[in-house]
Amino acid sequence: MALEDIVHLEVLGMLEEAEIRAVGNRPRQYYNAQNVMEELSDHQFLKKFRLSKALVQELIDVLTPYMIEPNRLSSIPIKIKVKS
């Protein structure tokens, strides 16, 4: 292995260590799961998702039996998952 290759590997190692330290110091970000069915008007909902609230509710009803209900407290409920 050439001296130049060794230097490149060393630099890569230092960059990886710096990235690990930087990521570890970031504050944790939490997902704010909104209930858009309640918060948005029918018109806003249709404009944002291009589906009516009734159709989305139908999709939730059809898909729910095929989805595994989350078991962690921080997980996103199925109803919110389908809408997002």
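Everything numeric here is computed off the predicted structure, so don't read it as measured data. All values below come from the heavy atoms of this structure, side chains included, with hydrogens, waters and symmetry mates left out.
With values rounded to the nearest 0.5 angstrom, Leu9 atom CG is found 11.0 Å from Glu4 atom CD. Atoms CG and CE, on Leu12 and Met14 in that order, are 9.5 Å from each other to the nearest 0.5 Å. Here the CE atom belonging to Met37 is positioned 9.5 Å from the CZ atom belonging to Phe49, to the nearest 0.5 angstrom.
In terms of the salt bridge (Lys or Arg N to Asp or Glu O under 4.0 Å) criterion, residue partners of Asp42 (sequence neighbours excluded) are, by chain and number, Lys53. Scored by the side chain to side chain donor-acceptor pair (under 3.5 Å) test, Glu58 finds no partners at all (sequence neighbours excluded). Here Leu51 pairs with Leu55, Val56, Leu59 under the side-chain contact (heavy atoms from CB on, under 4.5 Å) rule; sequence neighbours left out.
Residues Leu40 and Ile60 share a hydrophobic cluster, clusters being chains of Ile/Leu/Val/Met/Phe/Trp/Tyr side chains in contact below 4.5 Å.
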